[in-house]
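Okay, structure first, notes after.
A quick note: this is a predicted structure, and the numbers were derived from the prediction, not measured.
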Amino acid sequence: MKRHFRKVDRLPRSAVFATLFLAACGGGGSGDGTVDGTAPDSDDETLQPSLTDEVAHWSPTGVFLAAADCGQCHTASVPGDSPAVLRMPDLQVSANEPSPDGADISPFFDWKSTVMANAFTDPYFRANMAHEAETFPHLAGFIEDKCLTCHSPMARTHAHQTGVSLEQDASCLLNDGCYRAESAVEEPPAREGVSCTACHQITDSVLDGSGYPDGVHSGHYDIAAADEAGAFTIYGPYQSPSGNAMQNRVGFTPQYGLQMADSRQCASCHELYTPTIDVATDQPDGEDFPEQTPYTEWLNSDFGPQGSQTTSCQQCHMARPEVSDSFLTRIAVRPDGSVNLGWPERSPYFSHVMVGGNTWLLETLELFRGELGRETINAEGEFTAAADRTRAFLKTAASLTSANAGITGNQLAFDLTIHNHSGHKLPTSFPARRMWLATRVTDAAGNVVFENGFPDDDHRLQLDETFTSEACLAAKKPAGFESSVCYQPHINRVTASEDIPVYEVVLGATDDEITHILLYAAERLKDNRIPPVGFDDATVPEDIRPRGIGTDPDFNAGQLGQDTVAYRLAVPDSVSLPLSVESTLYYQSIKPTFIDGLHGEHPWVGEFAGAVEANPPKAETVTSISFQVQ
């Protein structure tokens, strides 16, 4: 039987984040519409929570502790104190040491404004999880438990270690029960996302895959329960940790962990395989689909362990450009804020900015900071600053070069080459992301001779009107449906305005038709994302090889991590020279098909739609180029 979904109406701003507010670190649900016993003023147009800093300090839960408690010591020294700790260097004085008046770059300060800290609060994640669970209600428990393994790792791990908050019904395929979203909403460790005592308690089993025959991915991390004496071990990247202060203050014994600076630590969640559900039976078919594989892409690049430019995930994503590898700082102060000169200085310092490519989530968190109850945790502008860092990071991911420009008769010719500078495919990770080229040609009088790829005010392309049609987004396609009309093919040669080069993954279901439902994904109908340097298309694992590029001889030619697009454009006789060409490489974290493809009755789907209406995912500029042709 076919399922028919209706799209949830968009909610007014006053209601968009009502549920998300309860899910933030600052809110605990009482089940009666109040928050921490304080009801919002019903006469107000928006939620007006009354919160204090105490909300971030939730009670220790099993082996887990609130990030704010870690931040009591792993924080910056008092402004003006010297020697300074965990503050930005003054580059005019010394790039190698903290400046007493430098900005706070401590782990807690940077982390609290990241996507990691808001992994559960993320409205897109929550809408996706609700959508998939509603699409497959007979698997809802398993789906939620699997998603929360990495989006709420502390609470989900605690539940499975203790049996608390686990539910067992026909939709749960796990023997001990499943951790559910309705529990996560109520529990502070879940709402804190990916926090300190999650990452820093992952054992070194990620280094050799101990206990996981198929490797480290999809939530394959181990966090030890407390021993009989109630002792906990916390891992860090530095040799010979000083342990007494931490043991006395929070009960954790610090220990050096090689895994903390190893990319396999990140792969335990950021390398994800999802079970495939047969579109005809709505039952798992026993196969897995590579939903995102940045680790394997990196492993097979020049940035991997065997490459000439070996660079770990942490070295790129936990770095501030202002802080060099030679920067030396103590990594904590005493609880009263004073500096203990007996504690060691450490280098390199891994900043906890956790930069990626998701400016949309960070700007949405800033926009709804009050509704989310984040005002006592994140000062105004902190999410905006994180979005700006992310935007700057995106600009390092690629460059554009031009070649072979000229005019012959009535044809303008030039080639544009996109160079991938990242350590994985571009774009990477969740398949909602896309990247494309936009180009405009004007003559000497300023008249537009050619134009394509520039987004509208909602950051959509003209092509998206077709791609988001009801037929293309239908959960199940009729017999004889042609999925090729629902996505842009790989473009190697541009001759008309509709030839927009779009780099993306397009998911195919078990019936070989396009799908936007993750668990229907069985194949990649298209994967022309640009590989990293050193990536050998012929020898890398089948799971990550390009798809749908046709006969494009220059795609990643010589393993150079690039693609060249040939522009061959007709120009009128009357055109006035010189011609000016400007091209922009855009990136978008959630493309319109994945926005409009979310359907369901759950309020989280409507909340996401409202967030998108208030803040459509932007077409971010990665890089651009301009030149003239005579």
Side-chain angles (χ1 to χ4, degrees), residues 116 150 199 202-210 212-221 235 237 257-273 288-319 321 325 348 350-351 353-357 393-394 396-399 418-431 433 435 503 505 524 527-547 549 555-563 622:
M116 300 285 274
C150 287
C199 286
I202 292 176
T203 69
D204 62 4
S205 64
V206 295
L207 299 179
D208 59 12
S210 299
Y212 299 103
D214 59 342
V216 175
H217 57 78
S218 309
H220 291 173
Y221 58 80
Y235 299 98
L258 182 63
Q259 69 273 22
M260 295 308 301
D262 194 290
S263 294
R264 286 169 286 188
Q265 173 95 335
C266 307
S268 63
C269 273
H270 287 280
E271 185 90 350
L272 178 59
Y273 286 78
D288 288 331
F289 176 76
E291 186 250 47
Q292 56 179 285
T293 56
Y295 174 77
T296 303
E297 295 160 20
W298 167 83
L299 199 65
N300 288 276
S301 79
D302 207 30
F303 299 92
Q306 307 305 316
S308 63
Q309 305 179 63
T310 300
T311 308
S312 69
C313 305
Q314 293 90 330
Q315 285 175 291
C316 277
H317 294 274
M318 297 182 67
D325 288 345
F350 292 95
S351 173
V353 288
M354 313 288 189
V355 285
F393 187 63
L394 277 171
T396 69
S399 61
I418 305 170
H419 306 266
N420 179 6
H421 300 309
S422 75
H424 39 63
K425 289 185 180 181
L426 193 66
T428 194
S429 289
F430 196 74
R433 299 170 177 181
M435 185 175 71
Y503 298 86
V505 171
R524 293 166 293 143
D527 183 358
N528 67 335
R529 296 173 299 163
I530 301 175
V533 174
F535 188 98
D536 187 343
D537 298 348
T539 62
V540 298
E542 184 72 22
D543 282 349
I544 63 172
R545 293 183 185 179
R547 290 286 184 274
I549 62 170
F555 186 86
N556 194 36
Q559 304 172 28
L560 293 177
Q562 62 188 39
D563 184 42
V622 178

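Distance alone, capped at 3.5 Å, is enough to place a donor-acceptor pair between the S218 side chain and the Y273 backbone. With hydrogens and angles ignored, the 3.5 Å screen pairs a side-chain donor or acceptor of R433 with a backbone N or O of T428. A donor-acceptor contact shorter than 3.5 Å links the side chain of T311 to the backbone of Q309. Within the 3.5 Å criterion, the main-chain N or O of P532 finds no donor-acceptor partner in the side chain of W298. Side-chain atoms of N420 come within 3.5 Å of backbone atoms of I530 as a donor-acceptor pair (strictly under, hydrogens ignored). Looking at N556, its side chain does come within 3.5 Å of a backbone N or O of G561 through a donor-acceptor pair. A donor-acceptor contact shorter than 3.5 Å is absent between the side chain of E291 and the backbone of F430. For Q314 (side chain) and M260 (main-chain N/O), a donor-acceptor pair under 3.5 Å exists by modelled atom type. Checking side-chain atoms of Q265 against main-chain N and O of D262 turns up no donor-acceptor pair under 3.5 Å.
Among all heavy-atom pairs drawn from G304 and T310, the shortest one is O-OG1, 2.7 Å. Contact record, S205 with V216: O-CG2, 4.3 Å, taken as the closest heavy-atom pair. Of all heavy-atom pairs spanning G219 and C150, the tightest one is CA-SG, 3.8 Å. When all heavy atoms are compared, the tightest approach of I202 to S268 is CD1-OG, 4.4 Å. Closest approach of A267 and Y295 over heavy atoms only: CB-CG, 3.5 Å. When all heavy atoms of L560 and V533 are compared, the closest pair comes out as O-CG2, 3.4 Å.
The CG atom of L272 sits 5.5 Å away from atom CD of Q292, with the distance rounded to the nearest 0.5 Å. With rounding to the nearest 0.5 angstrom, the OG1 atom of T203 is 6.5 Å from the CD atom of Q259. Atom OG of S263 and atom NE2 of H424 lie 10.0 Å apart (nearest 0.5 Å).
The salt bridge (charged side-chain N to carboxylate O under 4.0 Å, His left out) analysis of residues 299-317, with sequence neighbours excluded, yields no pairs.
N528 has its side chain out of reach of P546: every pair of non-hydrogen atoms, C-beta onward, lies at least 4.5 Å apart. N300 has its side chain within reach of P541: a pair of non-hydrogen atoms, C-beta onward, lies under 4.5 Å apart. Annotation: side chain of P290 is not in contact with side chain of I544 (no heavy-atom distance under 4.5 Å). No side-chain heavy atom of S422 sits under 4.5 Å from any side-chain heavy atom of F303.
Scored by the salt bridge (charged side-chain N to carboxylate O under 4.0 Å, His left out) test, D527 finds K425, R524, R529 as partners (sequence neighbours excluded). For the ring pair (Phe, Tyr, Trp, His ring centres under 6.0 Å) test, no residue two or more places apart in sequence or in another chain qualifies with F350. Listed by chain and number, the residues in a ring pair (Phe, Tyr, Trp, His ring centres under 6.0 Å) with H220 are Y212, H217 (sequence neighbours excluded). For E271, the salt bridge (charged side-chain N to carboxylate O under 4.0 Å, His left out) criterion is met by no residue, not counting sequence neighbours. Under the ring pair (Phe, Tyr, Trp, His ring centres under 6.0 Å) criterion, H270 pairs with no residue at all, not counting sequence neighbours.
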Using side-chain contact (heavy atoms from CB on, under 4.5 Å), reason through T296 and D543 one step at a time and then give a plain yes or no.
CA-CA 9 Å; T296 303; D543 282 349; over 6 Å; no
Should H317 and F393 be marked as a ring pair (Phe, Tyr, Trp, His ring centres under 6.0 Å) after you check the CA-CA gap, both sets of side-chain angles, and the distance that decides it?
CA-CA 9 Å; H317 294 274; F393 187 63; 5.2 Å; yes
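Disulfide criterion (SG-SG under 2.5 Å) for C313 and C266: not met.
Side-chain contact of Y503 with D563: a donor-acceptor pair under 3.5 Å is present, judged by distance alone.
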